[in-house]
Amino acid sequence: MNEIRISLKGEESQRFPSGITAGEALKGFIPSTDNPLVAARVDGNLVDLTHSLDHDCTIEAVGGSNEETLDILRHSTSHVMAQAVQSLYPEAKITIGPAIENGFYYDFDCPRPISVEDLPRIEAKMAEIIRQALPIQRRELDREEALRLFAERGEPYKVELLEELDSARVSLYEQGTWVDLCRGPHLPTTGDLKAFKLTGVAGAYWRGDERKPQLQRIYGTAFFSQQELDEHLRLLEEARKRDHRKLGRELDLFSISDEVGPGLVIYHPKGALLRFVLETFEKEAHLRRGYQMAIGPQLLKTDLWKQSGHFDHYRENMYFTEVEGQSYGIKPMNCLAHMLIYKSKIRSYRDLPLRLFEMGIVHRHERSGVLHGLTRVRQFTQDDAHILCTPEQLNDEIKSILDFALDMMHLFGFDYELEMSTRPAKSIGTDQDWDRATTALMNALRDRGFPYQICAGEGAFYGPKIDVKLKDALNRRWQCATIQCDFTLPDRFDLSYIGPDGEKHRPVMLHRVLLGSIERFLGVLIEHYAGAFPTWLAPVQAIVVTVTDRHIPHAEKVYRTLLEAGIRVENDTRNEKLSYKIREAQLQKVPYMLVVGNREVAADGISPRRRDGKDLGLMELPRFIDLIRQESAVTSSMLRAR
RNA sequence: GCCGGCGUAGCUCAGCGGUAGAGCAGCUGAUUCGUAAUCAGCAGGUCGCGGGUUCGAAUCCCAUCGCCGGCUCCA
């Protein structure tokens, strides 16, 4: 028998009989491995452990706990699920079933609706397939053969996929009598699946296109151990507990009522106060960074929206109304009024950059199925700004916006990722303008050395954009800040400034939001902090709790003093036991509970108890006021002039 | 907008053809209490809305509105 030489990264190369499988070869190098071993990389190519080796090569183990390994496990699990579904519902047609972040799915075209009630049955069938430990075998064949095979098996979606593949050879994966067109790799047998759970069902369009048939998707997840699966399910449970819709009601922050209309938020006093604190801080921060405030009207004549291009490109998302025979559009964006402010006088290059900031309320018609709590609504407030500057100033302006946005992320303790989105199919402006705008954004990212992803075709209709995707405490990603570069609107509105040469020049415009939609950001913040806002932001920073009715006069004095000191304080003088009031304040996640009883009356002080349960002991009011002020000072660096 | 599921008291839920139930919250009274729930009493719902089937509908059917999980879209 021939021998081949195989080398493993970091190890001496060894001789093996030709035809040995990648899995066996790896075991030759690493005799016992407690890490799950799921696949191998041979000369850089990902292959199954059952792949047989017939020439000298370098090999690498794919295993351990990382995304790549989990993806392979989950992909194999999705195949087992598809096999289970087809065995239970033979009329179901298979389509695709990839691993995704945190799990996998498989889409079926099935005349019989699949509901969550079917999941236990499918799971039981999967367990059966796993018990059988069927070998998962790769088979390579000509595309034409594969086409015939899937046509015979009555799988039109697989036929469609094959017809579009341009390679002559394709690979199938078989387990028992079940077969799927798949690139792989997969685990050696269905018995290698350890812990899985089906998590939900949903509708999904074939190839993500809403004009194509709607398929039934089943979501699931899988891990190498039950403990890891349990931990993942616990995290999902935690996310459910933090749901801002639930906390919003429990903390009495806001409500959404179908009497009012879907996607329209009613802020209750505490929610309104939260917004007041957040927005006041943000306005200050903008003033310190050289922005000027502006306020535009809610209604602007439709003619103006035609001029800007919104009527042609954004009409489906806009609301229109008629006033005295004149058509008006309710603003879905704040830029138009800012353009008119720019145009209201002749601008010199010395006036630039002009940075106009508006806490602008916008309305967008969102399709009913997409509304979701505060994170997707029909009326929302943007911390919006438009910067008009010379082309020479553009790079610095983008960099300072990036710095501003990232400072904000740090303030709230968010991690983030940056995305660069380029020209979409439906857009306005010249190629040259798009190139300039895209280059400007990329240069700023490059100058700052920030890593970013490119999202081709995801830009706004008027310009490319940089999006900041924040990552919350549960590692979920949210779209908040966006910076968009626009050469088109200044053109459409014929904006100009007089340059040092005495000639007219066209300014460039940046659209940007930092928190994005205040509504969405609030929703994200609620979940990020699980409702326990930091002291500077908490709508109620402290609550006075009396021990008995005798202590009410002192409590009132404390309450008034703190109120006058600018502290957001409440006074709970109800005839209830102290522990009852503490419990309530705790559930309301108030940062400080100020106990007032005999000792505090005698000492003319309070005994603060922190939200985390720590008793700070008796102290005088000025010291407590100082404490709150110190804790509220976290925003001060953001408020320094830059 | 599309697919699937769900709408019963302020909240969480039970009831699933025979005249609406619980816990918590609320109100009233008693209690005057030291760091996560004092006791008692009272009140609260045209069972999302509209049709239909039935002697009789919260319960079965249809339509509609809303919500939830996704898809598409997106701040």
Side-chain angles (χ1 to χ4, degrees), chain A residues 105 107 109-110 113-118 199-219 240 243 245-246 249-250 252 255-263 316-317 332-334 360 362 364-384 458 460 465 467-468 478-482 484 511-521 523-524 545-552 575-588 593-600 607-611 613-618:
Chain A
Y105 67 78
D107 285 345
D109 186 353
C110 183
I114 298 171
S115 81
V116 280
E117 269 107 73
D118 299 310
T199 51
V201 292
Y205 300 108
W206 171 233
R207 313 198 117 179
D209 185 337
E210 63 183 327
R211 290 161 307 200
K212 296 213 159 104
Q214 186 144 32
L215 310 171
Q216 304 196 59
R217 175 171 297 179
I218 304 178
Y219 283 97
R240 231 167 45 84
D243 191 317
R245 294 165 299 186
K246 183 170 177 278
R249 187 171 50 235
E250 287 170 4
D252 201 13
S255 60
I256 297 172
S257 150
D258 47 320
E259 288 172 274
V260 173
E316 302 76 47
N317 290 296
M333 298 185 193
N334 300 301
V362 295
R364 294 185 187 174
H365 175 72
E366 298 293 345
R367 302 210 276 180
S368 59
V370 307
L371 301 174
H372 181 95
L374 292 181
T375 60
R376 199 72 187 276
V377 293
R378 286 186 173 149
Q379 180 195 304
F380 57 100
T381 309
Q382 289 182 306
D383 59 339
D384 203 2
E458 300 288 313
K465 59 177 185 170
D467 286 332
V468 181
W478 298 93
Q479 160 78 69
C480 289
T482 176
Q484 306 173 346
H511 307 244
R512 49 109 279 192
V513 291
L514 300 181
L515 307 183
S517 145
I518 300 294
E519 281 61 16
R520 172 177 293 177
F521 192 74
V524 172
V545 286
T546 49
V547 177
T548 78
D549 289 353
R550 290 193 308 278
H551 310 114
I552 292 178
N575 178 10
E576 294 290 352
K577 284 172 68 170
L578 180 64
S579 54
Y580 179 89
K581 297 195 222 183
I582 298 261
R583 179 184 141 85
E584 278 209 345
Q586 190 73 45
L587 292 174
Q588 288 295 305
M593 293 146 237
L594 311 178
V595 176
V596 166
N598 285 338
R599 289 201 292 277
E600 289 73 22
S607 295
R609 174 197 196 274
R610 253 187 354 211
R611 185 163 55 190
K614 179 155 174 62
D615 186 348
L616 301 188
L618 188 61

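Given the structure is predicted, the values throughout are model-derived calculations rather than measurements. Quick note on labels: first sequence line is chain A, next is B, and so on, each numbered from 1.
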Whole Å only: how far is the NZ atom of A:K581 from the C1' atom of B:U32?
10 Å
Would you classify A:G208 as touching base, sugar-phosphate or nothing, given that sugar-phosphate means primed atoms plus P, OP1 and OP2, and contacts are heavy atoms under 4.0 Å?
sugar-phosphate
Just to be sure I understand the rule, does A:K246 reach a base, reach only the sugar-phosphate, or reach nothing, if contact means heavy atoms closer than 4.0 Å?
nothing
Can you tell me how far C1' of B:G66 sits from CZ of A:R378, to the nearest Å?
11 Å
Between B:G48 and B:U8, how far is it from one C1' atom to the other, in whole Å?
10 Å
Sugar-phosphate, base or nothing in reach of A:V370, heavy atoms under 4.0 Å
base
Taking atom P in both B:C3 and B:U72, compute the distance separating them and give it to the nearest angstrom.
16 Å
Counting primed atoms plus P, OP1 and OP2 as sugar-phosphate and everything else as base, spell out the protein contacts along nucleotides 35-50 of chain B at 4.0 Å heavy-atom distance: B, S or - for each nucleotide, 5' to 3'.
BBBB------------
Contact class for A:R512 (heavy atom, under 4.0 Å): base, sugar-phosphate, or nothing?
nothing
Across the strands shown, which category fits A:E366 at heavy-atom distances under 4.0 angstrom: base, sugar-phosphate, nothing?
base
Let me know, please, whether A:G261 or A:K465 comes out on the 5' side of the other along RNA chain B by nearest nucleotide.
A:G261
Could you measure between the two C1' atoms, the one in B:G15 and the one in B:A58, and give it in whole Å?
9 Å
Check every strand shown and say whether A:Y219 touches a base, only sugar-phosphate, or nothing at a heavy-atom separation below 4.0 Å.
sugar-phosphate
Toward the 5' end of RNA chain B, which comes first, A:Y205 or A:E210, by nearest nucleotide?
A:Y205
Regarding the side chain of A:R367, the nearest nucleotide among B:U72, B:C33, B:A75 is B:U72
Please determine, for the side chain of A:S368, which listed nucleotide (B:G1, B:C33, B:C68) has the closest atom?
B:G1
Counting the atoms with a prime plus P, OP1 and OP2 as sugar-phosphate, which does A:R249 contact under 4.0 Å by heavy atoms, base, sugar-phosphate, or nothing?
sugar-phosphate
What does A:V545 touch in the nucleic acid at a heavy-atom separation under 4.0 angstrom: a base, only the sugar-phosphate, or nothing?
nothing
